[in-house]
Amino acid sequence: MSKRIVIALGGNALGKSPEEQLALVERTASTIVDLVEEGYDVVIGHGNGPQVGMVNLAFEYAATHGGGTPAMPFPECGAMTQGYIGYHLQQSIGRELARRGIDKPCATVVTQVVVDADDPAFNNPTKPVGMFYDREQAQRIAQDKGYTFVEDAGRGYRRVVPSPVPVKIVELPVVKSLVSAGAVVITVGGGGIPVVEHSAGDYTGVAAVIDKDRASARLALDLGADMLVILTAVDKVAINYRQPSQRDLDRLTVDQAREYITQGHFAPGSMLPKVESCIDFVAQSRGGVALITSLDKAREALRGTTGTLITP
Ligand code: ADP
Ligand code: MG
């Protein structure tokens with residue numbers, strides 16, 4: 001049986017504007033098809049920070065500046081970015097597969113991810129989204145809509161949403177059947193559209209952002225993947241990062257990783273969620289390992305010559 005890998009794509013694989021994204025995904029597609037050629041079953045998760053910010057901001061701006069368009073709820077903005085990013089990835093991956101004569105379908109699944117309504121993150125929203133407002137506007141919107149605003153580094157007031165933990169991937173059965181049918185599948189885009197479950201099969205979207213590395217780890221566990229591969233902007237995870245004593249790591253056990261977290265080696269908004277996601281996957285899976293490396297080094301890293309491998 002071929003090895004199943006879940007790849008989490010970071011911001012550097014997608015870029016910011018539609019033009020930049022379309023150009024960058026060419027390179028991303030080439031790497032992904034390299035891995036398909038190596039014989040892996042590939043399932044792709046990806047971020048959407050800049051994209052969901054852009055969609056949300058555009059709708060907010062148009063709604064408040066005479067555009068005559070409605071304000072767009074945050075979960076709907078997330079759904080739009082899954083479609084938009086999935087479209088670019090499907091097109092580029094499809095082209096690359098055809099170019100290399102590989103007969104394989106590629107599909108994006110609009111994916112909901114259940115979060116716990118009692119997740120403590122809901123009492124402490126941290127993720128800034130959308131426009132900057134002055135104090136009076138922010139207070140008015142906060143009263144009207146129940147949004148939370150914070151003052152953002154002297155630039156004005158900005159809405160913040162919580163970042164809860166992913167609990168369950170709603171479309172998992174569909175993803176499984178597509179993977180079994182041999183498709184390259186794109187799912188949990190932006191960490192998934194966050195929903196709460198009222199009763200079996202009854203979901204409602206919530207304004208929140210699920211970390212894409214955590215959602216990809218959940219996906220890798222649920223698919224029984226052999227490896228979680230996090231592709232980001234650095235070739236390896238380091239300790240003493242950006243200090244003269246920086247040391248890049250080839251291998252990291254779960255216990256070592258926990259120790260380095262305690263010592264504060266991984267930045268909270270960037271490397272920490274990646275290392276934590278790898279720990280979760282490796283500790284809970286049966287024999288699975290995790291890899292953190294750059295997009296450019298993915299093929300080499302899967303052959304074991306670079307990247308940071310996280311093992312039990
Ligand atoms: P992505 O969009 O892929 O999620 P992030 O910017 O969130 O990327 O996280 C990757 C970044 O984490 C790297 O580019 C690097 O600057 C930063 N980083 C923080 N701590 C470390 C560390 N200890 N080792 C390596 N990179 C680190
Ligand atoms: Mg990140």
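In each ligand, atom 1 is the first atom listed, and ligand 1 is the first ligand listed.
Between F74 and N56 there is a side-chain heavy-atom pair separated by less than 4.5 Å. By the 4.5 Å heavy-atom criterion applied to side chains, I310 and F281 are not counted as neighbours. Considering only heavy atoms from C-beta on, P273 comes within 4.5 Å of R214 through its side chain.
Protein heavy atom in closest approach to atom 15 (C) of ligand 1: Y241 OH, 3.1 Å. Protein heavy atom at the shortest distance from atom 24 (N) of ligand 1 is A238 N, 3.0 Å. The nearest protein atom to atom 20 (N) of ligand 1, hydrogens excluded, is given as M271 CB, 3.4 Å; this is a heavy-atom distance.
A side-chain donor from one of T108 and Q90 sits under 3.5 Å from a side-chain acceptor of the other.
Considering only residues two or more places apart in sequence or on other chains, S163 meets the side-chain hydrogen bond (donor to acceptor under 3.5 Å, both in side chains) condition with none of them. Taking the side-chain hydrogen bond (donor to acceptor under 3.5 Å, both in side chains) definition, one finds that T64 meets it with nothing, sequence neighbours left out.
With ligand atoms numbered from 1 in the order given, ligand 1 contributes 1 (P), 3 (O), 8 (O), 9 (O), 10 (C) to contacts under 4.0 Å with heavy atoms of T232. Atoms of ligand 1 lying under 4.0 Å from any heavy atom of F266, numbered from 1 in the order shown and given with element: 23 (N). Near G11, meaning under 4.0 Å from one of its heavy atoms, ligand 1 places the atoms 1 (P), 2 (O), 3 (O).
Only the side chain of K274 comes within 4.0 Å of ligand 1, judged by heavy-atom distances.
Every N/O-N/O distance between V234 and ligand 1 stays at or above 3.5 Å. For ligand 1, the polar-atom distance check against S270 finds a nitrogen or oxygen pair separated by under 3.5 Å. The distance criterion of under 3.5 Å between nitrogen or oxygen atoms is not met by A233 with respect to ligand 1. Checked by distance only, ligand 1 and K236 stay at 3.5 Å or farther apart across all their nitrogen or oxygen atoms.
Look at K236 and D248 and you find no salt bridge, because none of the NZ, NE, NH1 or NH2 atoms lies under 4.0 Å from a carboxylate O.
Here the shortest heavy-atom pairing between S2 and D226 reads O-OD2, 4.5 Å.
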